[in-house]
Every structure is written in structure tokens, then in C-alpha cells.
Amino acid sequence: MKERLEQIKANAVREIQKSDGLAKLNDVRVAFLGKKGELTAVLKGMKDVLPEDRPMVGQLVNETRESIEKLIEETKSKLEAAEREFRMKQEVIDVTLPAKKNRVGHRHPNTIALEEVERIFVGMGYEVVEGPEVEYDYYNFEALNIPANHPAKDEQDTFYINDEIVLRTQTSPVQVREMEKGKLPIRMIAPGRVFRSDEVDATHSPSFHQIEGLVIDKHITFADLKGTLAEFAKQLFGEGTKVKFRPHHFPFTEPSAEVDVTCFKCGGKGCRFCKGAGWIEILGCGMVHPRVLKMSGIDPEEYSGFAFGVGLERIALLKYEIDDMRLLYENDDRFLKQF
Ligand code: DAH
């Protein structure tokens, strides 16, 4: 019996020393000490041992078991330490590697263009004001001399909330709101979102932005309007930029004009950018109609003024040479990060 136990112990020691991983070591433990293990088999055979020998054999079995267990424990600690060491080496952090860059976002091309326009007009003493996007039909149309049955109303496909309330189709209603306040003179620009029931294409969107301008004071003439917009065009598109006023019709201004600027790509000679014209249309303007002044409580005999309205996207597209308005709204990072 003694030899058998020593044999088992020797085998166990050999197997333990051969174990090169925790899983293998566990297999060894099960093979010798487990329920069906070799040592357990010896214990089961105790009934065949003479009763007087049993204490001695029992002690021997226990000693063998203890020494195998001890060796397994020691080996387990060593293997664990080795595995930890190995993992640490694998996971080592190289502090000299360049850090991942945090990308900071930046302003949208519309915002950059708006801030540029605001800078120019604030520099000329204008105030920046805002009006509601959900607007009364009265402010959006009626008070701007566009009565219910006026054909000009057809030109702006409108989103109606109900008979009296619309999503504003233009920033012009902010003119009326400012005039109604009764504080004169007025020198303001009003940027903001406007809405039209338009299909999306390269130059149309159901939601876009305009910047409205309004000046009301005594003795304001068309010459003031011309000088102001000429200065605006120069600051926005470059010193050499010229403006051209083409007669046009807007219900709320009389006379009215559309303004073209010389193409800042070719300087007016005609190129692909301006489609050979040498000129690019940028805005609508005019002298505020006396009826509009009167409706807002201003005496047209004493005061006069001019107004203009410019599309913000139009400026952003021109300034950054973007050929499709949809790009401004898709928020594709690859596009936006170019500006
Ligand atoms: N509100 C006009 C539009 O959306 C643009 C405009 C033209 C505004 C002439 C004005 C103006 O203030 O005087 O087409």
C-alpha cells in the first residue's frame, strides 16, 4: 500500500511539473484528487485493509493528499503570476505614441456667411433683430401690400397653419413688426428661416434663410439704397465689385429693383461661373411703398425708407462656390469640414 501511494505521489508530482497552464493543472488535480481520481480510489479500497492497519494507511493517504494539494497550490500561484506577467507585457501602453486627435467642429457655411453679412451691416450702424417663423398672414402678406387676391401671393407657395397663420415665406414681415413699434429712425437687418412649399432641388428647399434690411428716416432716397448696397457688395465679394440695379416689381416697394453684382470670378468678363453674363443676381430691394409705411403707422409725407431682402444660402453658395444647395442641409461631415 505504501509503495502504491508513493507511486501515485511520484506520478502526481511529474504530471504537476509538466503542467504549463492553469487548465492543464486543473486536469491533473481532477485525475488524482477528484471523485474518480486515483487517490480517491485508494480510499475506497480501505475496506480491504486490515482494521489494525487502517489508521496508519489513512494517515499515509492524508499525507499524500496534502503534499499533492500543496504542490498544486504552489504551481497554481506560479502559473498565475506568469500569466499575469505575460498579459501585462501584451497590454503595455506606449506613452510615446501620438495621441488620438479630438476633432473640434466648426461653423456651418451658412453661419459663416451670416456672420459676415452681420459684421458688414453692424459696421454701418444697423441693429440685428428677429421675428417669428410662425407668422400672421397679415404680417407676411397683407401689411406688405399683398392683399388676399393679389397675384403676387401666388408666387410664394405657402405652408398654412390656418386661414390667419402661416409659416413665413419671407423675412419681410419683420419690417412691419419693427415699424409698428413706432421707434424711428430704423436701421435694421433681420436674418431668419423662411418656408415655402417647394420641391427640393439644387436651388430650392422648403426651408431656407433670408436676411431682410430696412432703413426708415427723414430724407432717405434711392441714392442711399444704392450706396449702401454698393458698399455691402464690395465688403462681401471684394473691393472691385460693381452693382447693377434692374427694375423689378415687389408689392411692398416702389420703385423696386433686383441687384446684380459683377462676377467675382471673372470680374465681369463672363465665365462659366456667371454663365457668361458677367453679372450675378444677389437680392431684391426698393423704396418702401408709402402704403406699407401708412399701414404700419408711419407718415409717408415725413418719412421714407428703403428695404432689401437677400437669400443667405445664395450668398453661401456663391462665396464658397457650392453648386448644389442640398449640400448645405445634408450635414455630411466630409463636405462641411472643408469650410
Ligand atoms: N421678400 C422678397 C422675397 O422673398 C425679397 C425682397 C425684395 C425683400 C425686395 C425686400 C425688398 O425687402 O425690398 O422674394
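As the structure lists them, so they are numbered: ligands from 1, and atoms in each ligand from 1. None of these values were measured; they are calculated from a predicted model. For this chain, numbers begin at 1 and follow the sequence in order.
For the pair Ala307 and ligand 1, the shortest N or O to N or O distance falls below 3.5 Å.
With Gln175, Arg196, His248, Glu258 as candidates, the residue nearest to atom 4 (O) of ligand 1 on a non-hydrogen basis is Arg196.
Nearest protein heavy-atom contact of atom 2 (C) of ligand 1 is Gln170 OE1, 3.6 Å. Of all protein heavy atoms, the one closest to atom 11 (C) of ligand 1 is Phe252 CE1, 3.4 Å. At the shortest separation from atom 12 (O) of ligand 1 among protein heavy atoms lies Glu212 OE2, 2.5 Å.
For the pairing with Glu115, the side-chain contact (heavy atoms from CB on, under 4.5 Å) check across Thr111, Ile112, Val117 returns one residue only, Thr111. Shown are Arg168, Met179, Glu135; of these, the side-chain contact (heavy atoms from CB on, under 4.5 Å) with Val174 is made only by Arg168.
Within the listing of ligand 1, atoms 13 (O) sit less than 4.0 angstrom from a heavy atom of Gly286. Atoms of ligand 1 lying under 4.0 Å from at least one heavy atom of Phe250, given by number and element, are 7 (C), 9 (C). Residue Gln210 has at least one heavy-atom neighbour below 4.0 Å for each of these atoms of ligand 1: 3 (C), 4 (O). Those atoms of ligand 1 that come under 4.0 Å of a heavy atom in Ser172, given as number and element, are 1 (N), 8 (C).
Asn11 and Arg14 share a donor-acceptor pair across their side chains, judged by distance under 3.5 Å alone. Checked by atom type, the side-chain pair Gln7/Glu3 shows no donor-acceptor distance below 3.5 Å.
Ring pair Tyr136/Phe141: centre-to-centre distance not below 6.0 Å. Ring centers of Phe195 and Phe208: at least 6.0 Å apart, outside the cut-off.
Clustering ILVMFWY residues whenever any of their side-chain heavy atoms sit less than 4.5 angstrom apart, transitively, puts Ile298 in the very cluster that holds Phe252.
Using a 4.0 Å cutoff on heavy atoms, Phe306 does not count as a contact of ligand 1.
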